[in-house]
Amino acid sequence: MASDRCYYYYEDEDDADGDGEEEVEWLAMEADEDDVGLLEEDDLHLRLPDDRPADCWAITQESLPAAQQQDLSIVMNLLNIKQHHARTLLIHHRWKMHCVYDHLDRKGRDRMLSEACVVLPKNSMSAARSTSVTCNVCFEDFSMTDVSTMDCGHCFCNDCWTEHFFASINTGNKQIRCMEVKCKAICDEDIVRRLLSLKYPAASKRFDRLLLESYLEDNDSVKWCPSAPHCGRAIQVGTGEKYCEVACPCGVSFCFNCAGQVHSPCPCAIWEKWKAKGHGDSDSVKWILANTKSCPKCSKPIEKNGGCNLVHCKCGQCLCWLCGGPTGREHTWDSISGHSCNRYKEENGDKVDTSRQQMQRYTHYWDRYNIHACSYKVEQKDLGPAVEEQVKKLELNLTGPKMNWDGSWLAMAYQSLLASRQVLSRSYAFAYYMFGGGEVKTHPSERASLAVAQNLFEDRQEQLERHVEHLSKELATDLPGLPEEEIVLKKVEIANLAKIVQAICGQLYRCIQDELLPLLVQPMNIAGYQPDGPDKAKEFIRA
């Protein structure tokens with residue numbers, strides 16, 4: 001393939017000549033013509049930020065009340081309602097603040113509250129003058145001090161209310177409705193606590209705990225960290241960020257949508273299929289391909305453990321062990337009557353062994369998935385310590401005036417290598433199902449579009465594979481042992497390789513999300529590409 005000289009630049013944060021401008025050094029790199037124009041203007045300025053603004057928060061048992069109260073206060077002030085009304089509204093909308101704003105804008109305050117079963121107390125100017133009230137549950141008369149009235153206006157004796165609250169809490173119900181028939185109003189939390197604490201103090205504490213846990217269990221924006229043993233944290237993401245990957249402060253990274261391990265650019269449904277298949281199929285498929293032949297009649301695999309080359313299948317079909325073709329029964333030790341397979345013949349499309357073809361196809365994708373997964377482990381185990389050692393040596397031995405030897409560029413290039421290696425590995429799992437796996441259906445009318453998108457995907461995949469291996473090779477170079485001038489060039493080359501790898505990863509993600517996933521019958525999404533890995537959750541601190 002023809003080769004062009006492609007120029008990339010590296011910005012040095014140091015001002016070497018004292019003119020107040022950052023220095024720009026240029027590096028001419030040999031690139032295939034497919035890579036020319038690979039980096040768009042935005043990609044050329046791609047950075048590896050040390051600390052992006054946190055889009056997710058880690059909530060502990062201690063910070064949970066403050067996190068919940070923050071959302072409650074917003075709704076209370078917005079709608080001028082009590083806390084238990086705000087909680088009822090937020091639970092109804094699964095703590096999605098954007099849904100509250102949307103319903104308020106489209107339906108208005110009163111209708112929105114009514115649909116959430118929030119009943120506001122009515123301002124009545126006529127005070128009740130009776131000194132006793134009949135409870136409609138036990139039908140006994142009580143003084144006004146022994147009854148309680150909810151926002152809906154229904155009044156019952158405190159004893160009946162207490163037993164009603166206790167029974168509801170024992171069933172795990174945190175939203176206790178009024179006892180009146182067909183009344184959907186939620187009982188006032190303060191009354192529930194007050195009455196329970198007099199007779200069932202343990203139930204009162206459990207009620208408070210249920211209210212707190214509702215912020216986790218009924219909240220689509222919060223999920224428990226799947227660490228084992230559990231770290232005690234729940235992760236909260238921003239509104240509309242269901243498809244994202246997050247990292248808990250305990251060190252565990254996971255997909256927020258399925259709570260499984262990080263797996264982008266593979267959608268959750270496809271990743272589950274791939275993992276389930278890999279647990280039982282990978283070794284078996286390889287053994288079957290190496291040691292068996294498929295029966296041309298029933299397609300079942302046959303193992304030969306001795307004898308001549310004429311093999312009998314249980315279905316009654318005879319076949320030649322050398323070529324796998326069907327034969328008759330008549331044979332000798334060294335030949336089969338009417339059959340010869342010493343000459344190579346092109347396989348006719350309608351006679352191809354589809355079962356073996358599927359196994360070979362799976363092996364193709366599994367091998368490449370596994371190779372990159374193993375490379376990731378080796379680079380993480382062996383290359384990581386080597387990079388750390390090189391950073392230390394560079395910072396100790398080199399102090400050139402034009403160079404910033406803080407070592408961050410080398411560490412960030414290494415992190416870029418690890419992230420892109422994982423992207424490569426998982427891209428083969430996606431490709432297996434997307435391009436003919438049989439279990440993921442595409443719209444029949446989109447076959448032409450699928451072929452075009454597949455070519456684009458495989459081109460990006462091939463480019464990424466080539467540049468990742470190049471970056472891995474450069475990072476394995478003994479930089480401290482090179483002359484200082486060569487180290488400067490290597491620094492620029494490695495930094496730009498990291499940028500190129502990130503740019504291709506971004507394009508691969510966009511190809512999947514924008515070109516391939518819309519062709520599926522079952523809608524799917526993937527987490528967006530993050531050059532420096534999953535979003536790192538920060539410990540929640542009350543503002």
Side-chain angles (χ1 to χ4, degrees), residues 6-18 21-31 39 44-52 247 251 253 371-425 464-505 530-534 536:
C6 186
Y7 290 90
Y8 306 115
Y9 71 87
Y10 170 75
E11 294 181 0
D12 196 340
E13 295 178 357
D14 291 340
D15 178 15
D17 55 10
E21 299 291 336
E22 293 179 347
E23 301 305 313
V24 177
E25 300 184 31
W26 292 83
L27 172 69
M29 299 175 62
E30 294 297 331
L39 294 183
L44 282 170
H45 292 82
L46 189 59
R47 292 288 183 267
L48 285 170
D50 292 330
D51 189 19
R52 292 196 312 268
S253 298
I371 286 170
H372 288 294
C374 291
S375 296
Y376 169 81
K377 293 178 181 178
V378 171
E379 289 163 347
Q380 192 177 41
K381 178 182 178 182
D382 300 334
L383 188 57
V387 168
E388 289 182 9
E389 187 64 25
Q390 289 196 60
V391 169
K392 292 178 182 178
K393 290 181 179 179
L394 290 173
E395 291 176 345
L396 287 174
N397 302 333
L398 298 174
T399 56
K402 293 181 63 178
M403 294 178 289
N404 176 19
W405 294 116
D406 62 356
S408 61
W409 58 275
L410 191 59
M412 288 188 289
Y414 170 68
Q415 292 300 323
S416 179
L417 170 67
L418 292 182
S420 56
R421 184 71 79 180
Q422 288 183 305
V423 169
L424 254 181
S425 178
L464 181 59
E465 205 159 31
R466 179 157 39 89
H467 284 90
V468 163
E469 298 301 342
H470 188 184
L471 179 58
S472 179
K473 176 186 174 183
E474 294 300 329
L475 286 174
T477 304
D478 182 19
L479 294 177
L482 299 176
E484 193 164 315
E485 293 75 13
E486 291 188 30
I487 294 178
V488 174
L489 292 177
K490 283 292 183 183
K491 175 181 178 180
V492 179
E493 183 178 4
I494 290 173
N496 278 298
L497 268 174
K499 293 179 183 179
I500 294 171
V501 164
Q502 290 178 18
I504 302 174
C505 282
Q530 297 291 353
D532 52 349
K536 296 175 178 57

N/O donor-acceptor pair under 3.5 Å between S416 side chain and M412 backbone: no

Derivation and outcome, side chain to side chain contact (heavy atoms under 4.5 Å, CB included), residues R421 and K377: CA-CA 10 Å; R421 184 71 79 180; K377 293 178 181 178; over 6 Å; no

Evaluation steps, side chain to side chain contact (heavy atoms under 4.5 Å, CB included), between S420 and H467: CA-CA 10 Å; S420 56; H467 284 90; over 6 Å; no

Distance, nearest 0.5 Å, that separates NZ of K393 from CD of Q390: 7.5 Å

Pairwise distance SG(C505) to CD1(I500) - rounded to 0.5 angstrom: 12.0 Å

Between CD on residue Q415 and CD on residue Q502, distance to nearest 0.5 Å: 11.0 Å

Student check: side-chain heavy atoms of H470 and E493 closer than 4.5 Å: yes

Side-chain ion pair, E474 and K491, N-O less than 4.0 Å: no

Validation row: L479, L482 side chains within 4.5 angstrom (heavy atoms): yes

CD on Q422 to CG on L417, rounded to 0.5 Å: 10.5 Å

Closest non-hydrogen atom pair between K536 and D532, with its separation: NZ-O, 3.5 Å

Spacing of E379 atom CD and L471 atom CG [to the nearest 0.5 Å]: 8.5 Å

Nearest-0.5 Å distance, CG of residue L464 to CG of residue L424: 4.0 Å

Heavy-atom side-chain contact between I494 and L475 under 4.5 Å: yes

